[in-house]
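Report on one structure; see the data block that follows.
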Amino acid sequence: MSLHATAIALVEAGKGVLAADESTPTMAKRLARVGLESTEDVRRDYRELLLATPGLAEHVSGVILFDETIRQHHASGVPFAQALREAGIIPGIKVDRGTTPLPRFPDEVVTQGLDGLSERFAEYVALGASFAKWRAVIRIGPDRPTAGCVDANAHALARYAAAAQETGLVPIVEPEVLMDGTHSMERCAEVTRQVLRAVYDQLARQRVDLAGTLLKPNMVLPGSESGQQVGDGDIALATVGVLRDTVPASVPGIVFLSGGQSPQEATARLDALNRCAPQPWQLSFSFGRALQAPVLDAWAGRPENRTAAQAALLGRARMNGLARRGAWSADLEPTLLDAR
Ligand code: 13P
(Lines give C-alpha, C1' and ligand atoms only; values in the text may rest on other atoms or scores of the structure.)
Protein backbone atom coordinates (compact mmCIF):
# COMPACT_ATOMS: atom_id res chain seq x y z
CA MET A 1 0.00 0.00 0.00
CA SER A 2 1.22 3.53 -0.73
CA LEU A 3 1.96 5.99 2.08
CA HIS A 4 -1.19 7.91 1.19
CA ALA A 5 -3.39 4.81 1.18
CA THR A 6 -1.99 3.62 4.53
CA ALA A 7 -2.53 7.03 6.16
CA ILE A 8 -6.11 7.11 4.86
CA ALA A 9 -6.77 3.52 6.01
CA LEU A 10 -5.60 4.38 9.54
CA VAL A 11 -8.32 7.04 9.82
CA GLU A 12 -11.10 5.03 8.19
CA ALA A 13 -14.58 6.08 9.38
CA GLY A 14 -15.59 4.65 12.75
CA LYS A 15 -12.08 3.39 13.56
CA GLY A 16 -8.96 4.61 15.33
CA VAL A 17 -5.56 3.51 16.56
CA LEU A 18 -4.77 1.55 19.71
CA ALA A 19 -1.51 2.85 21.20
CA ALA A 20 -0.04 -0.23 22.89
CA ASP A 21 3.57 0.92 22.58
CA GLU A 22 4.45 1.65 26.19
CA SER A 23 8.18 1.40 26.77
CA THR A 24 9.27 -1.21 29.32
CA PRO A 25 9.55 1.32 32.21
CA THR A 26 6.13 2.82 31.38
CA MET A 27 4.55 -0.63 31.12
CA ALA A 28 6.02 -1.46 34.53
CA LYS A 29 4.16 1.55 35.98
CA ARG A 30 0.89 0.57 34.31
CA LEU A 31 1.16 -3.04 35.56
CA ALA A 32 2.17 -1.96 39.08
CA ARG A 33 -1.08 0.01 39.33
CA VAL A 34 -2.98 -3.30 39.22
CA GLY A 35 -0.45 -5.10 41.44
CA LEU A 36 1.53 -6.90 38.75
CA GLU A 37 5.25 -7.30 38.35
CA SER A 38 6.50 -6.42 34.86
CA THR A 39 8.28 -9.44 33.42
CA GLU A 40 8.68 -10.19 29.71
CA ASP A 41 6.09 -12.98 30.06
CA VAL A 42 3.53 -10.77 31.78
CA ARG A 43 3.99 -8.05 29.15
CA ARG A 44 3.58 -10.63 26.39
CA ASP A 45 0.49 -12.16 27.99
CA TYR A 46 -1.07 -8.74 28.38
CA ARG A 47 -0.30 -7.66 24.82
CA GLU A 48 -1.64 -10.99 23.52
CA LEU A 49 -4.88 -10.38 25.39
CA LEU A 50 -5.20 -6.95 23.74
CA LEU A 51 -4.28 -8.05 20.23
CA ALA A 52 -6.33 -11.27 20.25
CA THR A 53 -9.56 -9.47 21.20
CA PRO A 54 -12.24 -10.90 18.90
CA GLY A 55 -13.81 -8.18 16.75
CA LEU A 56 -11.08 -5.62 17.50
CA ALA A 57 -10.86 -4.66 13.81
CA GLU A 58 -14.38 -3.28 13.90
CA HIS A 59 -13.19 -0.10 15.61
CA VAL A 60 -9.40 -0.37 15.54
CA SER A 61 -7.59 0.35 12.26
CA GLY A 62 -4.03 0.06 13.56
CA VAL A 63 -2.01 -0.80 16.66
CA ILE A 64 1.26 0.85 17.68
CA LEU A 65 3.66 -1.74 19.07
CA PHE A 66 6.85 -1.42 21.11
CA ASP A 67 10.16 -2.90 19.91
CA GLU A 68 9.84 -5.87 22.30
CA THR A 69 6.25 -6.57 21.24
CA ILE A 70 6.78 -6.57 17.47
CA ARG A 71 9.27 -9.42 18.04
CA GLN A 72 6.82 -11.46 20.13
CA HIS A 73 4.30 -14.16 19.13
CA HIS A 74 0.89 -15.41 20.10
CA ALA A 75 0.89 -18.63 22.16
CA SER A 76 0.02 -20.33 18.83
CA GLY A 77 3.42 -19.24 17.47
CA VAL A 78 2.05 -16.62 15.03
CA PRO A 79 3.96 -13.32 15.29
CA PHE A 80 1.79 -10.49 16.67
CA ALA A 81 2.32 -8.31 13.59
CA GLN A 82 1.28 -11.11 11.22
CA ALA A 83 -1.84 -11.91 13.27
CA LEU A 84 -2.85 -8.24 13.27
CA ARG A 85 -2.46 -8.05 9.52
CA GLU A 86 -4.55 -11.20 9.08
CA ALA A 87 -7.25 -9.63 11.26
CA GLY A 88 -7.31 -6.53 9.03
CA ILE A 89 -5.42 -4.28 11.47
CA ILE A 90 -2.31 -2.34 10.42
CA PRO A 91 0.75 -2.90 12.64
CA GLY A 92 2.83 0.16 13.61
CA ILE A 93 5.95 0.75 15.69
CA LYS A 94 7.14 3.34 18.18
CA VAL A 95 10.65 4.32 17.15
CA ASP A 96 11.70 7.16 19.42
CA ARG A 97 13.97 6.35 22.35
CA GLY A 98 12.30 8.56 24.91
CA THR A 99 13.29 11.97 26.18
CA THR A 100 16.55 13.33 27.55
CA PRO A 101 17.25 16.70 29.24
CA LEU A 102 17.92 19.41 26.66
CA PRO A 103 21.38 20.83 27.49
CA ARG A 104 21.25 24.47 28.69
CA PHE A 105 17.43 24.40 28.92
CA PRO A 106 16.54 23.58 32.55
CA ASP A 107 13.43 21.38 32.93
CA GLU A 108 13.03 20.92 29.19
CA VAL A 109 13.54 17.72 27.22
CA VAL A 110 14.20 16.61 23.67
CA THR A 111 13.31 13.24 22.16
CA GLN A 112 16.22 11.05 21.10
CA GLY A 113 16.58 8.17 18.64
CA LEU A 114 17.61 9.65 15.27
CA ASP A 115 20.96 7.83 15.10
CA GLY A 116 20.67 4.61 13.11
CA LEU A 117 16.97 5.25 12.51
CA SER A 118 16.97 4.34 8.81
CA GLU A 119 18.45 0.91 9.58
CA ARG A 120 15.89 0.37 12.34
CA PHE A 121 13.06 1.37 9.99
CA ALA A 122 14.23 -1.22 7.46
CA GLU A 123 14.15 -3.90 10.17
CA TYR A 124 10.66 -2.89 11.31
CA VAL A 125 9.39 -3.07 7.72
CA ALA A 126 10.76 -6.62 7.57
CA LEU A 127 8.96 -7.36 10.86
CA GLY A 128 5.66 -6.19 9.32
CA ALA A 129 5.20 -2.53 10.33
CA SER A 130 3.51 -0.06 7.97
CA PHE A 131 3.57 3.04 10.13
CA ALA A 132 5.65 4.56 12.91
CA LYS A 133 5.35 6.92 15.85
CA TRP A 134 7.71 9.46 17.44
CA ARG A 135 6.62 11.45 20.49
CA ALA A 136 8.00 14.85 21.46
CA VAL A 137 7.16 16.18 24.91
CA ILE A 138 6.58 19.86 25.68
CA ARG A 139 5.93 21.08 29.23
CA ILE A 140 4.14 24.30 30.01
CA GLY A 141 5.59 26.35 32.89
CA PRO A 142 6.62 29.89 33.71
CA ASP A 143 8.70 31.01 30.72
CA ARG A 144 8.35 27.54 29.16
CA PRO A 145 8.41 26.15 26.59
CA THR A 146 11.35 28.10 25.20
CA ALA A 147 11.72 28.60 21.45
CA GLY A 148 14.96 26.58 21.65
CA CYS A 149 13.14 23.56 23.05
CA VAL A 150 10.22 23.80 20.61
CA ASP A 151 12.58 24.10 17.62
CA ALA A 152 14.80 21.19 18.73
CA ASN A 153 11.78 18.90 19.12
CA ALA A 154 10.13 20.03 15.88
CA HIS A 155 13.37 19.45 13.98
CA ALA A 156 13.74 15.92 15.38
CA LEU A 157 10.12 15.10 14.52
CA ALA A 158 10.65 16.28 10.95
CA ARG A 159 13.92 14.33 10.53
CA TYR A 160 12.12 11.22 11.83
CA ALA A 161 9.14 11.77 9.51
CA ALA A 162 11.34 12.16 6.44
CA ALA A 163 13.31 9.01 7.29
CA ALA A 164 10.09 7.04 7.87
CA GLN A 165 8.70 8.02 4.48
CA GLU A 166 11.99 7.21 2.79
CA THR A 167 11.55 3.61 4.05
CA GLY A 168 7.85 3.46 3.10
CA LEU A 169 6.41 3.93 6.58
CA VAL A 170 3.71 6.48 7.43
CA PRO A 171 5.01 8.69 10.23
CA ILE A 172 2.65 9.60 13.04
CA VAL A 173 3.98 12.96 14.20
CA GLU A 174 3.30 13.38 17.92
CA PRO A 175 4.15 16.68 19.56
CA GLU A 176 2.51 16.32 22.99
CA VAL A 177 1.96 19.44 25.05
CA LEU A 178 1.50 17.94 28.50
CA MET A 179 -1.63 18.56 30.54
CA ASP A 180 0.40 18.72 33.82
CA GLY A 181 0.45 22.14 35.45
CA THR A 182 -1.58 25.08 36.67
CA HIS A 183 -1.91 26.84 33.30
CA SER A 184 -5.24 27.82 31.75
CA MET A 185 -6.83 26.33 28.62
CA GLU A 186 -6.00 29.60 26.81
CA ARG A 187 -2.32 29.15 27.62
CA CYS A 188 -2.47 25.54 26.36
CA ALA A 189 -4.00 26.84 23.12
CA GLU A 190 -1.21 29.41 22.73
CA VAL A 191 1.55 26.83 23.31
CA THR A 192 -0.07 24.16 21.13
CA ARG A 193 -0.37 26.73 18.32
CA GLN A 194 3.31 27.70 18.72
CA VAL A 195 4.41 24.06 18.69
CA LEU A 196 2.31 23.03 15.69
CA ARG A 197 3.53 26.03 13.68
CA ALA A 198 7.12 24.99 14.37
CA VAL A 199 6.38 21.36 13.52
CA TYR A 200 4.76 22.13 10.13
CA ASP A 201 7.53 24.57 9.31
CA GLN A 202 10.14 21.86 9.95
CA LEU A 203 8.16 19.16 8.13
CA ALA A 204 8.16 21.40 5.04
CA ARG A 205 11.90 22.07 5.35
CA GLN A 206 12.61 18.34 5.57
CA ARG A 207 10.46 17.73 2.44
CA VAL A 208 7.94 15.53 4.19
CA ASP A 209 4.93 14.56 2.07
CA LEU A 210 2.09 15.67 4.38
CA ALA A 211 -0.53 13.50 2.64
CA GLY A 212 1.46 10.48 3.86
CA THR A 213 1.52 11.54 7.53
CA LEU A 214 -0.85 11.71 10.48
CA LEU A 215 -0.71 14.22 13.34
CA LYS A 216 -1.08 12.99 16.92
CA PRO A 217 -1.60 16.07 19.09
CA ASN A 218 -2.93 16.79 22.55
CA MET A 219 -6.39 18.24 22.86
CA VAL A 220 -6.40 21.86 24.09
CA LEU A 221 -7.18 21.45 27.82
CA PRO A 222 -6.79 23.43 31.04
CA GLY A 223 -3.78 22.36 33.13
CA SER A 224 -4.60 19.40 35.37
CA GLU A 225 -3.88 21.51 38.50
CA SER A 226 -5.50 24.73 37.24
CA GLY A 227 -8.94 24.16 38.75
CA GLN A 228 -10.41 25.70 35.56
CA GLN A 229 -13.75 24.11 34.62
CA VAL A 230 -14.42 23.98 30.90
CA GLY A 231 -17.16 22.14 29.00
CA ASP A 232 -16.39 19.55 26.34
CA GLY A 233 -17.84 21.82 23.62
CA ASP A 234 -15.45 24.65 24.59
CA ILE A 235 -12.50 22.25 24.61
CA ALA A 236 -13.49 21.09 21.13
CA LEU A 237 -13.83 24.65 19.82
CA ALA A 238 -10.46 25.70 21.27
CA THR A 239 -8.80 22.59 19.86
CA VAL A 240 -10.29 22.93 16.38
CA GLY A 241 -9.41 26.64 16.36
CA VAL A 242 -5.72 25.87 16.93
CA LEU A 243 -5.70 23.01 14.42
CA ARG A 244 -7.36 25.09 11.70
CA ASP A 245 -4.69 27.76 12.17
CA THR A 246 -1.79 25.36 11.89
CA VAL A 247 -2.45 21.97 10.23
CA PRO A 248 -2.50 21.95 6.40
CA ALA A 249 -5.55 20.42 4.74
CA SER A 250 -3.36 17.87 2.94
CA VAL A 251 -2.86 16.01 6.24
CA PRO A 252 -5.45 13.20 6.03
CA GLY A 253 -6.08 12.75 9.71
CA ILE A 254 -5.54 13.93 13.25
CA VAL A 255 -5.41 11.13 15.83
CA PHE A 256 -5.55 12.54 19.35
CA LEU A 257 -3.63 11.15 22.30
CA SER A 258 -5.55 10.85 25.57
CA GLY A 259 -2.76 12.28 27.74
CA GLY A 260 -4.14 11.40 31.17
CA GLN A 261 -7.83 12.21 30.59
CA SER A 262 -10.19 9.54 31.90
CA PRO A 263 -11.46 7.11 29.26
CA GLN A 264 -14.91 8.69 29.25
CA GLU A 265 -13.56 12.26 29.16
CA ALA A 266 -11.39 11.43 26.17
CA THR A 267 -14.36 9.88 24.36
CA ALA A 268 -16.70 12.77 25.22
CA ARG A 269 -14.20 15.31 23.88
CA LEU A 270 -13.51 13.33 20.71
CA ASP A 271 -17.27 13.26 20.20
CA ALA A 272 -17.50 17.04 20.75
CA LEU A 273 -14.66 17.54 18.26
CA ASN A 274 -16.48 15.54 15.63
CA ARG A 275 -19.58 17.65 16.18
CA CYS A 276 -17.54 20.64 14.91
CA ALA A 277 -17.72 19.17 11.38
CA PRO A 278 -16.90 19.66 8.60
CA GLN A 279 -13.12 19.89 8.94
CA PRO A 280 -10.41 19.31 6.33
CA TRP A 281 -9.08 16.23 8.17
CA GLN A 282 -10.53 13.13 9.83
CA LEU A 283 -10.61 13.60 13.62
CA SER A 284 -9.78 10.27 15.23
CA PHE A 285 -8.03 8.69 18.19
CA SER A 286 -4.73 7.05 19.00
CA PHE A 287 -5.39 6.45 22.67
CA GLY A 288 -3.18 4.54 25.08
CA ARG A 289 -4.49 4.92 28.62
CA ALA A 290 -8.03 5.86 27.57
CA LEU A 291 -8.39 2.50 25.82
CA GLN A 292 -6.29 0.36 28.13
CA ALA A 293 -6.94 1.51 31.70
CA PRO A 294 -10.28 -0.35 31.98
CA VAL A 295 -8.69 -3.43 30.39
CA LEU A 296 -5.89 -3.58 32.95
CA ASP A 297 -8.40 -3.06 35.77
CA ALA A 298 -10.59 -5.90 34.51
CA TRP A 299 -7.67 -8.26 33.86
CA ALA A 300 -5.38 -7.76 36.88
CA GLY A 301 -3.21 -10.63 35.59
CA ARG A 302 -5.83 -13.35 36.11
CA PRO A 303 -6.48 -15.71 33.16
CA GLU A 304 -10.13 -16.10 34.23
CA ASN A 305 -10.62 -12.33 33.66
CA ARG A 306 -9.39 -12.41 30.08
CA THR A 307 -12.84 -12.34 28.46
CA ALA A 308 -14.03 -9.49 30.68
CA ALA A 309 -10.85 -7.55 29.94
CA GLN A 310 -11.29 -8.01 26.18
CA ALA A 311 -14.93 -6.91 26.51
CA ALA A 312 -13.71 -3.75 28.27
CA LEU A 313 -11.37 -3.00 25.34
CA LEU A 314 -14.06 -3.66 22.78
CA GLY A 315 -16.51 -1.50 24.72
CA ARG A 316 -14.11 1.45 24.83
CA ALA A 317 -13.23 1.02 21.15
CA ARG A 318 -16.95 0.99 20.31
CA MET A 319 -17.57 4.19 22.30
CA ASN A 320 -14.71 5.91 20.48
CA GLY A 321 -16.04 4.60 17.17
CA LEU A 322 -19.31 6.38 17.95
CA ALA A 323 -17.41 9.53 18.99
CA ARG A 324 -15.78 9.57 15.58
CA ARG A 325 -19.21 10.18 14.11
CA GLY A 326 -20.31 12.63 16.80
CA ALA A 327 -22.86 9.97 17.75
CA TRP A 328 -21.71 9.18 21.31
CA SER A 329 -23.62 10.16 24.42
CA ALA A 330 -23.03 9.38 28.09
CA ASP A 331 -26.18 7.28 28.28
CA LEU A 332 -24.69 4.87 25.74
CA GLU A 333 -21.87 4.10 28.18
CA PRO A 334 -23.81 1.36 30.03
CA THR A 335 -23.47 -0.79 26.92
CA LEU A 336 -19.87 -1.02 28.04
CA LEU A 337 -20.96 -2.47 31.37
CA ASP A 338 -23.40 -4.79 29.58
CA ALA A 339 -20.51 -6.01 27.47
CA ARG A 340 -18.74 -7.14 30.63
P1 13P B 1 -2.12 8.23 25.94
O2 13P B 1 -3.38 8.13 25.13
O3 13P B 1 -2.14 7.41 27.20
O4 13P B 1 -1.67 9.64 26.13
O5 13P B 1 -0.98 7.52 25.07
C6 13P B 1 -0.91 7.77 23.75
C7 13P B 1 0.50 7.66 23.33
O8 13P B 1 0.83 6.88 22.48
C9 13P B 1 1.50 8.54 23.96
O10 13P B 1 2.66 8.54 23.21
Side-chain angles (χ1 to χ4, degrees), residues 10-11 16-34 46-47 50-51 59-70 90-99 109-113 129 131-140 153 156-157 160-161 164 170-181 188 192 195 199 213-221 223-224 235 239 253-270 273 283-297 312-313 316-317 319-320 323-324:
L10 284 167
V11 290
V17 173
L18 165 63
D21 60 325
E22 296 82 2
S23 64
T24 303
T26 302
M27 199 61 229
K29 275 193 246 163
R30 302 277 188 269
L31 290 167
R33 192 178 62 77
V34 294
Y46 173 63
R47 262 73 180 247
L50 291 177
L51 305 181
H59 296 294
V60 171
S61 54
V63 178
I64 316 174
L65 303 169
F66 184 58
D67 180 81
E68 176 184 84
T69 320
I70 202 168
I90 305 172
I93 182 76
K94 167 201 181 76
V95 297
D96 67 72
R97 292 200 151 142
T99 60
V109 295
V110 67
T111 301
Q112 53 194 347
F131 71 100
K133 182 195 105 170
W134 176 289
R135 173 175 177 253
V137 180
I138 305 290
R139 294 196 192 109
I140 300 181
N153 277 290
L157 271 168
Y160 139 80
V170 168
I172 293 190
V173 173
E174 180 180 7
E176 176 174 5
V177 178
L178 295 180
M179 187 167 59
D180 309 359
C188 178
T192 305
V195 168
V199 166
T213 67
L214 295 173
L215 175 68
K216 176 163 173 168
N218 52 287
M219 296 180 193
V220 172
L221 301 169
S224 52
I235 287 170
T239 303
I254 296 177
V255 294
F256 292 95
L257 59 94
S258 61
Q261 302 174 78
S262 75
Q264 190 168 326
E265 278 172 345
T267 303
R269 290 158 182 176
L270 180 64
L273 279 155
L283 295 176
S284 185
F285 60 92
S286 174
F287 293 158
R289 283 161 287 180
L291 282 168
Q292 292 186 57
V295 186
L296 273 167
D297 288 341
L313 176 60
R316 260 336 323 140
M319 291 300 109
N320 289 308
R324 283 224 43 201

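When a ligand or atom number is given, it counts from 1 through the structure's own listing order. Predicted model only: the values in this text are computed from it and were never measured.
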Under 4.0 Å from a heavy atom of [X]: which atoms of ligand 1 are those, numbered in the order shown and with their elements?
X	value
K216	6 (C), 7 (C), 8 (O)
S258	1 (P), 2 (O), 3 (O), 4 (O)
A19	8 (O)
G288	1 (P), 2 (O), 3 (O), 5 (O), 6 (C)
D21	8 (O)

Output the distance between atom [atom1] ([X]) and atom [atom2] ([Y]), rounded to the nearest 0.5 Å.
X	Y	atom1	atom2	value
R269	L283	CZ	CG	16.0 Å
I93	T69	CD1	OG1	7.5 Å
D21	I70	CG	CD1	11.0 Å
L257	F285	CG	CZ	13.5 Å

Do T267 and N320 pair up side chain to side chain, a donor and an acceptor below 3.5 Å, judged on atom types alone?
yes

Check the side chains of R30 and Q292 for a donor-acceptor pair under 3.5 angstrom, ignoring hydrogens and angles.
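Q292 vs R30: no donor-acceptor pair found between side chains.
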
Please verify whether a non-hydrogen atom of [X] lies at under 4.0 Å from ligand 1.
X	value
A266	no
K94	no
Q292	no

Are more than 12 heavy atoms, taken from residues, nucleotides or ligands other than R97, located less than 6.0 Å from that residue's CZ atom?
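Not buried by this count: 12 neighbours or fewer within 6.0 Å.
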
Indicate yes or no: at least one non-hydrogen side-chain atom of I254 is less than 4.5 angstrom from one of P217.
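SC-SC contact between I254 and P217 confirmed.
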
Pick out which of E174, K216, K133 makes a side-chain hydrogen bond (donor to acceptor under 3.5 Å, both in side chains) with S286.
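Looking at E174, K216, K133, the match for S286 under the side-chain hydrogen bond (donor to acceptor under 3.5 Å, both in side chains) is K216.
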
Could you name the option among E174, E176, R30 that has the heavy atom nearest to atom 9 (C) of ligand 1?
E174

Taking 4.0 Å as the limit for heavy-atom contacts, which would you say applies to S286 with ligand 1: side chain only, backbone only, both, or neither?
backbone

Residue portion contacting ligand 1 (non-hydrogen atoms closer than 4.0 Å) for R289:
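Both the backbone and the side chain of R289 come within reach of ligand 1.
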
Measure the distance from atom 10 (O) of ligand 1 to every protein heavy atom, then report the residue, atom name and distance (to 0.1 Å) of the closest one.
K133 NZ, 2.5 Å

Is the closest N or O pair between F287 and ligand 1 shorter than 3.5 Å?
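Between F287 and ligand 1 (N or O atoms, distance only) the closest approach is not under 3.5 Å.
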
Within the structure, does G259 bring an N/O atom to less than 3.5 angstrom of an N/O atom in ligand 1?
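Between G259 and ligand 1 (N or O atoms, distance only) the closest approach is under 3.5 Å.
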
